[in-house]
Structure formats: C-alpha cells, structure tokens
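Below: the structure, in structure tokens.
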Amino acid sequence: MTLLQKRRIALGSIFFIAGLCFASWASRIPDIQSKFSFSEAQLGTLLLGLPIGSLAALPLAGWAVYRFGSKRVIIASSIGYILFLPLIGFSYSILMLIPVVVVFGMIGNLMNISLNTQALAIEDSYGRSILASFHGLWSLAGFTGAGIGAAMIYFDILPKFHYVFISAIVLMTLFVSHAFLIDEQRAGGGGGLVLKKPDGLLLRIGAIAFLGMLSEGCMFDWSGVYFKKVVEIEPGLVALGYVSFMGAMASARFVTDRIINKIGRLKMLRISGLLIFIGLSLSVVLPLPISATLGFLLVGFGVAAIIPISYSTAGRSKQYSPGVALAMVSTISFFGFLIGPPLIGYVAEIFNLKVSFILIAIAGLGITILSSVRLEIFESPTDLSINDASNA
C-alpha cells in the first residue's frame with residue numbers, strides 16, 4: 001500500500017468518525033428531551049444551538065486552517081468531539097447543556113472545513129476526483145450511528161455512557177490515523193478571518209451549494225411528513241421516503257467520483273440538478289407509494305454530488321486559500337440548509353405541501369441553470385473537468 005493510499009484511508013476514517021459523532025448525538029435527542037422534560041418548543045430552541053455554533057465557527061474555521069494547517073485543526077476538532085460529546089450526556093442542567101451544544105456545533109464546522117481542505121490536498125495528489133467518496137463515508141457513518149443508537153436504547157444504556165463509547169472510538173481512530181495526514185500550512189492564496197466578499201467564482205459555486213443544501217435540508221426534515229400527508233402511505237412505511245432518499249444519497253457518493261472523472265464536474269452538476277427536478281416533479285404529479293419512492297431516490301442521487309463538487313471547485317480558488325474559500329462557500333450554503341425546512345412549512349401553511357415540494361424542484365432546476373450559463377465565471381471550464389490534458 002502506498003503512502004497516498006494510507007493517507008486516503010486515514011482521512012476517510014476520520015470523515016467516518018465525524019459523521020458517527022453527529023449521528024450518535026442525533027440518535028439520543030428523544031432521551032435528552034425526556035431527561036430535561038423539554039416541551040417541543042424548548043427542544044426546538046435547544047436544537048438551534050447546533051446551527052448557531054456552526055455559523056459562529058465559519059469565519060474562525062477558514063482562518064484556523066490557513067493559520068495552523070488542516071491537520072492540526074482536524075486533531076483539535078477530534079479532541080473537541082472526545083470532550084464535548086460526553087459532556088452533552090453528563091450535563092445536569094439546561095444552563096450547562098445549551099453552551100455545550102453550541103460548542104459541539106462549532107466543533108462540527110471546524111471539523112467540516114478542515115477535513116474537506118485535507119481531502120482537497122489528497123485529491124490533488126491523486127489527480128482525479130475522490131472527494132465524494134469521503135462524503136459517502138460521512139453518510140455511511142450516519143446509518144452506523146443510528147444503528148448503534150438504536151442498540152444503546154434497546155439495552156437501556158444512558159446517553160452519557162453511549163457518548164463515552166463513541167468518544168473512545170474517536171480517540172482510537174485519531175491515534176492510528178493522525179500520523180498519515182498531510183501537514184500543510186498556508187497553502188494557496190489569501191487567508192484571514194472570513195469577513196470579506198467572495199469573488200465571482202465563489203459566489204456562483206456558493207449559490208449552487210445553497211440550492212443543493214436547501215434541497216438536502218428539506219428532504220431531511222420533510223420526507224416523512226410528505227409520505228404521511230400527501231402519499232398517505234400506511235403508518236409503518238412513513239419512513240420509506242426518508243430512507244430511500246438517504247440510502248440513494250449515501251450510495252451515490254461512492255460512485256459519483258467515477259462519473260465525474262468521465263464527464264467532468266460541470267456536466268455532473270447539470271445532471272444532478274435535473275435529477276432533483278425530475279424526482280420531485282414525479283413525486284408531486286404522481287404521489288403514489290411506488291412513484292414517490294422512485295422520485296425520492298432520484299433526488300438522493302441528485303443531491304449526492306453537489307456539495308462535494310462545490311467544495312472541490314471552491315478549494316481551487318486562485319484568490320483565497322482552500323480553507324478560507326471552503327468557509328465562504330460553506331457559509332453561503334449553510335443558509336440554504338437553515339432556511340429551507342422552515343420555508344417549506346410556511347409555504348405549506350399558505351398553500352399545501354405539494355406546492356412546497358415544487359419549490360424544491362425549481363431549486364434543482366436552478367442548479368442546472370447556474371452550471372450552464374456564463375461559464376467564463378469558472379475562469380476556465382476545463383478547470384471543472386478532470387480530463388484537463390485532453391481538453392486543453
């Protein structure tokens with residue numbers, strides 16, 4: 001096994017444990033609600049702590065990666081997970097729990113930016129697209145974390161001991177993997193806190209990522225509701241929409257890189273947007289169990305490639321360092337993830353859920369349009385094709 005292959009496996013394992021930490025936290029939210037006797041509104045307020053922390057960390061993440069290098073930030077973030085994930089379980093009061101959840105959100109975004117910066121460095125060494133496979137491991141960890149959580153609940157193990165177990169896995173993985181990470185510093189262009197305006201390329205990629213995250217966030221939160229209220233499927237199969245979407249997205253990320261290497265990133269973005277549009281249109285026009293499930297599968301396939309391609313493209317900005325560029329695009333796209341789910345609810349309240357899902361379909365079409373017009377904004381369209389030598 002070559003050193004480069006070892007680096008890829010090591011980084012992939014850390015992507016996995018990052019997803020495992022998030023899924024482990026999410027799997028025990030009902031238990032945390034019961035522990036503190038939260039109402040639905042109080043739980044919603046607590047859950048806001050995660051995106052608030054993530055948003056607060058966005059300017060810091062780009063600066064930290066630029067200043068210290070992605071390897072050091074990955075190690076620091078992993079240690080943060082080891083400390084703060086168990087603290088969620090050991091929190092004995094709301095006054096303790098809320099700041100811990102906010103810091104947990106901050107750690108997640110520091111990990112996100114540093115992992116993707118490191119992945120771009122390894123991708124450059126490979127000379128072909130591999131970023132989507134790392135995101136596939138994160139998604140796979142979501143299923144694994146949910147399964148472990150279900151087992152912990154079945155055996156009546158308290159969240160704090162569950163979280164200690166996960167932290168032990170993180171510690172062992174970090175101990176084995178950290179030596180193979182690339183120790184880079186100040187790679188690329190300008191750095192500093194992300195409080196400046198993105199250039200044209202990052203604005204375009206940010207808009208594409210925004211629509212992709214808007215679609216992804218809506219599917220996360222509203223798939224089950226759509227199958228229950230619009231498809232009117234039997235109660236035992238309400239989760240079918242969510243599972244089909246998540247399964248398609250996770251599995252597609254393991255094959256997306258191969259497709260990108262053959263057709264290029266721009267074409268993949270266009271196809272992804274069309275898949276979202278077609279999948280949701282099918283689900284709205286024919287809200288039957290089979291057609292809606294097929295539609296949600298198509299949406300999962302469409303969403304899978306958007307963020308990996310967006311990050312891969314942003315990290316090659318000639319104006320900003322990879323960490324800063326990723327933080328800029330992540331900031332823009334993050335608002336899509338936050339705005340999407342409540343927007344669906346408001347539109348559904350005024351009209352109905354079908355109209356809401358039509359809006360997501362239009363977002364998919366927007367991705368196709370943004371990756372098809374004014375290609376000069378990408379500086380060189382061949383920069384978004386893996387086969388640069390053959391296209392030059």
Side-chain angles (χ1 to χ4, degrees), residues 12 15-16 18-19 22-23 112 115-116 119-120 123 128-146 205-223 240-283 292-315 326 329-330 333-334 336-337 340 357 360-361 363-368 370-371 384 386:
F15 262 93
F16 185 87
F22 183 82
N112 173 45
L115 281 176
N116 281 284
L120 287 173
E123 184 176 74
R128 55 186 171 86
S129 178
I130 62 168
L131 191 61
S133 63
F134 289 123
H135 287 250
L137 287 169
W138 195 97
S139 299
L140 181 62
F143 285 104
T144 305
I205 292 298
I208 290 171
F210 173 90
L211 294 175
M213 288 291 277
L214 183 146
S215 304
E216 189 172 332
C218 291
M219 295 301 290
F220 278 145
D221 290 359
W222 288 95
S223 293
L240 180 60
Y242 177 80
V243 171
S244 60
F245 164 75
M246 278 295 296
M249 184 178 71
S251 59
R253 282 178 168 164
F254 290 105
V255 298
T256 291
D257 288 318
R258 294 182 181 179
I259 301 173
I260 292 173
N261 289 328
K262 290 183 178 180
I263 67 174
R265 296 187 179 96
L266 275 177
K267 289 181 181 178
M268 190 67 204
L269 282 175
R270 294 169 195 155
I271 293 171
S272 297
L274 285 176
L275 286 174
I276 294 172
F277 176 75
I278 293 169
L280 286 168
S281 298
L282 177 62
S283 303
T293 300
L294 175 60
F296 278 37
L297 282 169
L298 292 176
V299 177
F301 290 136
V303 166
I306 294 169
I307 293 302
I309 290 176
S310 297
Y311 282 4
S312 182
T313 305
L326 284 173
V329 170
S330 182
S333 65
F334 188 74
F337 196 78
F357 271 61
I360 314 175
L365 199 58
I367 293 169
T368 300
L370 287 172
S371 55
L384 292 185
I386 302 301

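Computed from heavy atoms alone, side chains included, the values below leave out hydrogens, waters and symmetry copies.
The two atoms that bring S283 and G295 nearest to each other are OG-CA, 3.6 Å, heavy atoms only. Minimum heavy-atom separation, L298 to G279: CB-CA, 3.9 Å. Counting all heavy atoms, side chain and backbone alike, V299 lies closest to I276 at CG2-O, 3.9 Å. Pairing each heavy atom of L211 with each of A363, the nearest pair is CD1-O, 3.7 Å. Between L365 and L274 the shortest heavy-atom distance is CD1-CD2, 4.3 Å. V329 and A209 make their closest contact through CG1-CB, 4.0 Å (heavy atoms, listed as atom of the first residue, atom of the second, distance).
For the ring pair (Phe, Tyr, Trp, His ring centres under 6.0 Å) condition, no pair includes a residue of residues 248-275, sequence neighbours left out.
Residues D257 and N261 have side chains that never bring a donor and an acceptor to within less than 3.5 angstrom of each other.
Between the OG atom in S272 and the CZ atom in R270 there is a gap of 11.5 Å [rounded to 0.5 Å]. Taken to the nearest 0.5 Å, the CZ atom of F334 stands 13.0 Å off from the CG atom of L214. Between I271 atom CD1 and I260 atom CD1 the span is 10.0 Å, to the nearest 0.5 Å. From S133, atom OG reaches atom CH2 of W138 across 15.5 Å, with rounding to the nearest 0.5 Å. Taken to the nearest 0.5 Å, the CZ atom of F16 stands 3.5 Å off from the OG1 atom of T144. Summarising the geometry, atom CG belonging to L370 is positioned 9.0 Å from atom CD1 belonging to I205; distances are rounded to the nearest 0.5 Å.
Judged by distance alone, with hydrogens and angles left aside, the side-chain atoms of R128 form no donor-acceptor pair with the main-chain N or O of E123 at under 3.5 Å. Judged by distance alone, with hydrogens and angles left aside, the side-chain atoms of R253 form a donor-acceptor pair with the main-chain N or O of A304 at under 3.5 Å. Formation of a donor-acceptor pair under 3.5 Å by the S312 side chain with backbone atoms of P308 is not found in this model.
Residues satisfying the ring-ring contact (aromatic ring centres under 6.0 Å, His included) criterion with F134, sequence neighbours excluded, are F15. Here F245 pairs with F220 under the ring-ring contact (aromatic ring centres under 6.0 Å, His included) rule; sequence neighbours left out.
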For L120 and Y311, run side chain to side chain contact (heavy atoms under 4.5 Å, CB included): C-alpha distance rounded to whole Å, both residues' side-chain angles, the deciding distance at 0.1 Å, then the answer.
CA-CA 8 Å; L120 287 173; Y311 282 4; 5.7 Å; no
Apply the test side chain to side chain contact (heavy atoms under 4.5 Å, CB included) to residues N116 and H135: give CA-CA distance (whole Å), side-chain angles for both, the deciding distance (0.1 Å), then the verdict.
CA-CA 9 Å; N116 281 284; H135 287 250; 2.8 Å; yes
Side chain to side chain contact (heavy atoms under 4.5 Å, CB included) for S251 and F301? Distances and angles first, verdict last.
CA-CA 8 Å; S251 59; F301 290 136; 4.2 Å; yes
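Taking 4.5 Å as the limit, every side-chain heavy atom of M246 sits out of range of all side-chain heavy atoms of M219.
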